[in-house]
Amino acid sequence: MPELPEVETVRLGLNQVTSGQEILGGDVLRPRTIAHPVSAGDFLAGLQGATVAQWHRRGKYLLAELCRPGSSREGSAVSGEPLPDIGTGGWLGVHLRMTGQLLWLDRDTPLQKHTRVRLFFPGNRELRFVDQRTFGQMWLLSGAADPSATISGLGQLGPEPLCAEFSPEYLAKALGHRRRPVKTALLDQSVVAGAGNIYADEALFVAGVRPDALCANLSREQIAKLRDALIEVLQEAIIAGGSTIRNFVSVEGVNGNYAGVARVYGRAGQPCRVCGTPVERLKLAGRSSHFCRQCQK
């Protein structure tokens, strides 16, 4: 599943190609991809004539702030900060889930096998939602509707790891005395928004903490190091354009480069880049975790 760096890479690309562009129409090839409204026809009718003002990211969700003739914007938030209270032109929400891709293409580009939704823009261009596993979703919210009221997952998200709210004090309180593995806690979107399997493994390695260490046993110093490590690896991954493990590509169809320099993720049996000890893999809550026994205690 695309994690924060991948979704942020898509957001940056979408702002480059669609900001200020009017949505001329579209085509829904798989109606079940549309989570709201119920009717795919209403979804397309509601989008037609709207202009994309700016794309935002909240956790792993993408949200396009829409404008219409006569609507005004009170200001917009940068990625990772709270969204504006209202978007008078409505909102277009997208969650890529496991295999979703948003691709900026010429409209006459042959359709990929798993194309689900097409949105048409000027200049014979389109934004195409391709999703092999079909778990991805799209929402259209009209007027001043609060996105979190309809997209339930938004209201359950913890702070963004790249914002000031994600402080050592916050993380220490969030982990508290919970007797569950710290890796499992980092994957909990109510604890920290956007972190996933790849970057949790990477952050734990940088912090020198084993993924199966219990939250209750971590010192304040370890938690502070973990917070800093998560920020470090997420920023590195954003610069690298994210990680392409299976399906992820940018809006221009470019693979992410972080996977090639990952410290432990996906490197089971290979030598640790620091000490040479073979990287190990274990299962926690059904998810693979990668770590170095020598570097992580």
Side-chain angles (χ1 to χ4, degrees), residues 7-8 10-97 100 102 104 116-123 125-129 131 135-160 163 165 189-190 193-194 251:
V7 181
E8 179 68 4
V10 173
R11 184 193 74 84
L12 293 170
L14 289 170
N15 275 334
Q16 288 182 342
V17 298
T18 67
S19 291
Q21 297 285 320
E22 181 184 356
I23 301 173
L24 304 178
D27 188 15
V28 175
L29 285 76
R30 185 178 186 273
R32 288 182 59 188
T33 299
I34 308 304
H36 185 85
V38 174
S39 165
D42 290 344
F43 174 81
L44 292 175
L47 281 174
Q48 188 166 0
T51 296
V52 176
Q54 184 177 187
W55 286 87
H56 305 272
R57 180 191 54 75
R58 183 70 175 99
K60 301 176 186 179
Y61 291 86
L62 288 160
L63 291 148
E65 185 183 356
L66 304 176
C67 287
R68 300 178 186 279
S71 70
S72 62
R73 296 172 64 231
E74 300 295 329
S76 57
V78 297
S79 176
E81 294 183 357
L83 294 167
D85 290 335
I86 60 172
T88 54
W91 297 93
L92 170 63
V94 183
H95 200 304
L96 302 176
R97 301 297 178 190
L102 284 172
W104 184 245
R116 308 305 179 189
V117 178
R118 306 171 68 194
L119 299 180
F120 303 145
F121 288 83
R125 303 289 284 177
E126 73 171 89
L127 186 62
R128 190 175 295 177
F129 186 40
D131 185 17
F135 296 137
Q137 292 180 298
M138 303 181 80
W139 298 259
L140 176 63
L141 311 172
S142 61
D146 178 1
S148 63
T150 300
I151 307 174
S152 59
L154 283 176
Q156 301 166 6
L157 294 176
E160 294 284 331
C163 286
E165 184 183 353
Q189 298 298 291
S190 70
V251 295

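For the single chain, residues carry numbers from 1 onward in sequence order.
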Just to verify, which of Ile34, Asp131, Asp27, Val94 counts as forming a side chain to side chain contact (heavy atoms under 4.5 Å, CB included) with Val117?
Ile34
Just so I know, are the side chains of [X] and [Y] near enough to count as touching, which here means a heavy-atom distance under 4.5 Å?
X	Y	result
Gln21	Val52	no
Phe129	Thr33	yes
Leu62	His95	no
Leu141	Leu92	no
Leu63	Leu154	yes
Gln137	His36	no
Trp91	His56	yes
Leu102	Leu127	yes

Interatomic distance, [X] atom [atom1] to [Y] atom [atom2] [nearest 0.5 angstrom]:
X	Y	atom1	atom2	answer
Arg118	Arg128	CZ	CZ	5.0 Å
Ser39	Leu44	OG	CG	8.5 Å
Trp55	Gln16	CH2	CD	14.0 Å
Arg30	Met138	CZ	CE	13.0 Å
Arg58	Ile151	CZ	CD1	12.0 Å

Least distance between heavy atoms, [X] atom then [Y] atom:
X	Y	answer
Ala50	Arg68	CB-NH1, 3.5 Å
Gly49	Glu22	CA-OE2, 3.4 Å
Ser19	Asn15	OG-O, 3.0 Å
Tyr61	Val7	O-CG1, 4.3 Å
Gly158	Ala193	O-CB, 3.5 Å

Intermediate values then yes/no, side chain to side chain contact (heavy atoms under 4.5 Å, CB included), Lys60 and Arg97
CA-CA 8 Å; Lys60 301 176 186 179; Arg97 301 297 178 190; over 6 Å; no
Does Arg11 reach the main-chain N or O of Gly13 with its side chain, forming a donor-acceptor pair under 3.5 Å?
no
Check whether Gln48 reaches the backbone of Leu24 with its side chain - one donor and one acceptor, N or O, closer than 3.5 Å.
yes
For the residue pair Thr150 / Trp139, report whether a side-chain donor-acceptor contact shorter than 3.5 Å exists.
no
Quick one, Thr18 with Leu119, criterion side chain to side chain contact (heavy atoms under 4.5 Å, CB included). Give me CA distance, side-chain angles, the key distance, then yes/no.
CA-CA 11 Å; Thr18 67; Leu119 299 180; over 6 Å; no
If you take the centroid of each ring, where Trp contributes its six-membered ring, are Trp104 and Phe121 closer together than 6.0 Å?
yes
